Amino acid sequence: MKLFVRPVDLTRVNTIVYHLPDGPSLSLSIDGIEEYIDLEFEVGHYCDTSAIDGILHFFPRGNA
């Protein structure tokens with residue numbers, strides 16, 4: 001059951017920065033990645049700065 005899950009608009013996103021637990025982060029270019037993985041951002045928080053710099057920062061639950 002999903003309550004109040006707002007969809008993520010990826011039209012202006014060029015890069016996803018996935019902030020791993022304990023500090024390191026993983027940067028992924030999303031050009032063509034939508035075909036291979038399902039981008040679900042429901043278990044954590046995200047900060048969408050794509051209007052400014054094309055980056056979406058994702059913080060998984062436990063690291064937000």
Side-chain angles (χ1 to χ4, degrees):
M1 174 189 237
K2 294 183 182 181
L3 294 175
F4 308 111
V5 176
R6 57 185 174 148
V8 178
D9 181 14
L10 298 176
T11 56
R12 291 189 258 173
V13 176
N14 297 323
T15 305
I16 296 175
V17 177
Y18 190 91
H19 295 270
L20 300 168
D22 299 325
S25 61
L26 175 66
S27 178
L28 301 169
S29 174
I30 68 161
D31 291 333
I33 202 170
E34 304 93 12
E35 300 172 18
Y36 302 107
I37 62 171
D38 185 21
L39 297 173
E40 292 282 333
F41 298 107
E42 59 187 56
V43 184
H45 300 283
Y46 63 91
C47 177
D48 185 2
T49 61
S50 61
I52 300 167
D53 57 7
I55 297 176
L56 179 93
H57 296 269
F58 180 68
F59 302 88
R61 182 172 289 175
N63 195 32

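Owing to the predicted nature of the structure, the values given are computational and were not obtained by experimental measurement. Numbers here simply count residues along the sequence, with the first being 1.
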Name the orientation class of the two ring planes belonging to Y18 and F58 (parallel below 30°, tilted from 30 to 60°, perpendicular beyond 60°).
-> tilted

Apart from I52 itself, what residues make up its hydrophobic cluster when side-chain heavy atoms of I, L, V, M, F, W and Y under 4.5 Å apart count as a link, directly or indirectly?
-> none

Please test H19 against F59 for ring-ring contact (aromatic ring centres under 6.0 Å, His included), starting from the C-alpha separation and ending with a verdict.
-> CA-CA 5 Å; H19 295 270; F59 302 88; 4.4 Å; yes

Euclidean distance, I16 CD1 relative to H57 NE2, rounded to 0.5 Å | 11.0 Å

Is L26 reachable from I55 through a run of hydrophobic residues whose side-chain heavy atoms are each under 4.5 Å from the next?
-> no

Considering non-hydrogen atoms only, spot the tightest contact between I30 and V13 and give its length.
-> CD1-O, 3.1 Å

Could I get the full list of side chain to side chain donor-acceptor pair (under 3.5 Å) partners for T49, not counting sequence neighbours?
-> D53

